[in-house]
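In the text below, chain A, chain B and the rest are named by the order of the sequence lines, each starting its count at 1.
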2 protein chains.
Amino acid sequence: MNMDNIITDKTANDSMESRIRDVAQELFFRQGFAATSTTQIAKEVGCTQALVHYYYRTKENLFRQIFLEQIQAALQVVGESLLSQESFDAFIEQAISLYFDALTRNPQLPFFVLEELVNNPERRRYLRENFVKKPSYVMIYMQFEARLKHEQQAGRIARIEPFDLMMTIASMTVFTFLSLPMYQDLLSRTDSQVKDYILQRKREVIRMVKKILKP
Amino acid sequence: MNMDNIITDKTANDSMESRIRDVAQELFFRQGFAATSTTQIAKEVGCTQALVHYYYRTKENLFRQIFLEQIQAALQVVGESLLSQESFDAFIEQAISLYFDALTRNPQLPFFVLEELVNNPERRRYLRENFVKKPSYVMIYMQFEARLKHEQQAGRIARIEPFDLMMTIASMTVFTFLSLPMYQDLLSRTDSQVKDYILQRKREVIRMVKKILKP
DNA sequence: ATCATATTTAATAACCCTATTAAACAAGGT
DNA sequence: ACCTTGTTTAATAGGGTTATTAAATATGAT
């Protein structure tokens with residue numbers, strides 16, 4: 001592998017290594033870990049299956065790399081939203097909007113993460129070791145908690161546990177995208193109708209959360 | 001297969017056929033379709049793998065049977081909750097409570113249904129043909145819609161689209177259980193703590209939905 | 001006791017899967 | 001031109017997978 005390569009943006013790089021990574025990601029997203037084979041990945045890339053193993057040695061390895069990157073990117077969005085210095089209401093609005101936009105760009109992400117965490121204790125352990133323990137991620141939550149408590153003491157918003165607020169926002173955001181294939185298919189919606197639906201749902205979620213937060 | 005069998009309750013019946021079904025359900029729930037093999041099912045039942053195919057011919061067949069039963073049972077709960085003749089607020093409270101209780105008894109159900117519907121267009125088509133079209137299920141939704149509109153015209157609750165209200169309740173209920181393994185594992189909670197958490201979350205969801213519905 | 005019917009097993013065909021190995025091929029440096 | 005290093009392929013070991021088949025075993029009815 002050429003480590004002198006100036007281009008480090010993996011998505012822009014079209015080397016075999018990154019093409020395998022990209023195709024693998026797409027297939028893991030669509031089908032999950034168990035239903036995706038290295039043979040299928042190779043076929044879709046247009047190389048031999050041995051090459052997939054040459055670069056990543058095992059399927060589990062390839063998966064983990066993608067998995068961590070995705071989780072990291074997702075947590076990044078959550079972290080950034082907390083940097084807002086505006087009023088709490090504006091911050092909540094901005095945060096929800098940011099989540100919706102991030103997931104609109106990557107609608108399969110919630111399911112991908114869920115699938116591999118729900119029925120895989122080993123991966124949850126891996127996640128706990130690599131992220132939840134990390135001070136930076138603990139800090140993000142504590143910051144959110146402090147800010148909420150502060151607003152409550154000032155009487156500007158209603159009493160609600162920080163964890164409950166977080167879960168409520170996560171629920172409504174994530175579930176919108178989890179149920180999207182059902183929405184589209186069962187109600188026979190076009191892609192453009194789905195886009196409108198997401199925007200409309202975003203507005204509605206913001207409205208509802210604001211109402212919940214009213215003192 | 002003995003069709004004269006008086007016992008029709010499948011869970012109480014310990015014939016090989018139903019034992020296979022029960023074990024298969026447990027494994028499909030825990031691991032999903034792709035990660036579960038008929039060999040594993042047979043091993044857990046204590047019979048040969050050929051027997052699994054003798055009764056159900058294909059793995060897909062066995063899966064579908066379980067899948068339909070579960071969806072049917074889930075929709076049953078939704079339907080029943082609408083029979084309530086109490087005030088709208090009481091009805092909402094009762095409905096959410098019912099969903100939470102149903103899922104507490106069967107916490108893997110949301111993920112099981114999701115897993116197989118999200119990345120399987122073929123199963124979504126199957127579901128649409130078998131359920132969404134059925135007049136009884138259309139009726140359930142229309143009943144809910146009519147009742148909500150009626151309350152709104154009377155000025156007793158705030159303006160909100162029936163679909164949005166339904167999605168909101170579904171989001172918060174379903175997501176609680178989807179995220180349960182993460183909650184338990186990442187925060188190192190005991191089973192009893194998890195139980196308390198579910199109850200607490202149920203109360204909170206009811207409280208929030210009521211607040212959203214306030215005029 | 002016999003016979004039909006239902007249940008269960010052993011054996012196997014015909015795959016597909018992961019991972020490794022050795023050999024072929026490219027490209028750049030000297 | 002040659003050698004080194006990195007890339008890619010063909011071949012294959014050693015599994016596991018679904019599904020079918022024929023043969024063995026139970027069960028119940030007559």
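Taking atom CD of residue A/Glu60 and atom C1' of nucleotide C/dC17, one finds them 15 Å apart after rounding to whole Å. Distance B/Leu51 CG to D/dA19 C1': 14 Å, rounded to the nearest Å. In this structure, B/Lys59 places its NZ atom 14 Å from C1' of C/dC15, rounding to the nearest Å. Rounded to whole Å, the distance from CZ on B/Phe63 to P on D/dT17 is 18 Å. In this structure, the CD1 atom of B/Ile41 is 17 Å from the P atom of D/dG16, given to the nearest Å. Atom CD1 of B/Ile20 is separated from atom P of D/dT18 by 14 Å (rounded to the nearest Å). The nearest whole Å value for the distance from the CD atom in A/Gln40 to the C1' atom in C/dC17 is 12 Å.
Note that CD of A/Gln200 and CD of A/Gln193 are 12.0 Å apart. Values are rounded to the nearest 0.5 Å.
Between B/Phe111 and A/Phe111, the ring-plane angle classifies as parallel under the 30° and 60° cut-offs.
A cation-pi contact, defined as under 6.0 Å to the ring centre and within 45° of the axis, links A/Arg64 to A/Tyr126. For B/Arg201 and B/Tyr183, the positive end is not near the middle of the six-membered ring at less than 6.0 Å and at most 45° from its axis.
Of the side-chain N and O atoms in A/His53, one or more sit less than 4.0 angstrom from OP1 or OP2 of C/dA19. For B/Ser37 and D/dT17, the shortest distance from a side-chain N or O to OP1 or OP2 is below 4.0 Å. The side chain of A/Thr39 places no N or O atom within less than 4.0 Å of a non-bridging phosphate oxygen (OP1 or OP2) of C/dC16. At D/dT7, one or more side-chain N or O atoms of A/Tyr54 fall inside 4.0 Å of OP1 or OP2 (strictly under the cut-off). Contact annotation: B/Thr48 does not reach the phosphate of C/dA10 (side-chain N/O to OP1 or OP2, under 4.0 Å).
Each of D/dA19, D/dT7, C/dA19 was ranked by its minimum atom distance to the side chain of B/Gln49; first place goes to D/dA19. Side-chain atoms of A/Ala50 lie closest to C/dT20 of the nucleotides C/dT20, D/dA19, C/dT9. Minimum atom distance to the side chain of A/Tyr55 is reached by D/dT7, of the listed C/dT7, D/dT7, C/dT20. The nucleotide whose nearest atom lies closest to any side-chain atom of B/Arg57 is, among D/dT7, C/dT20, D/dT20, D/dT20.
Checked against side-chain contact (heavy atoms from CB on, under 4.5 Å), A/Lys210 has the following partners two or more places apart in sequence or in another chain: A/Asp89, A/Glu93, A/Ile206.
Checking A/Thr36 against B/Cys47, the closest nucleotide of DNA chain C that is more toward the 5' end is the one next to B/Cys47.
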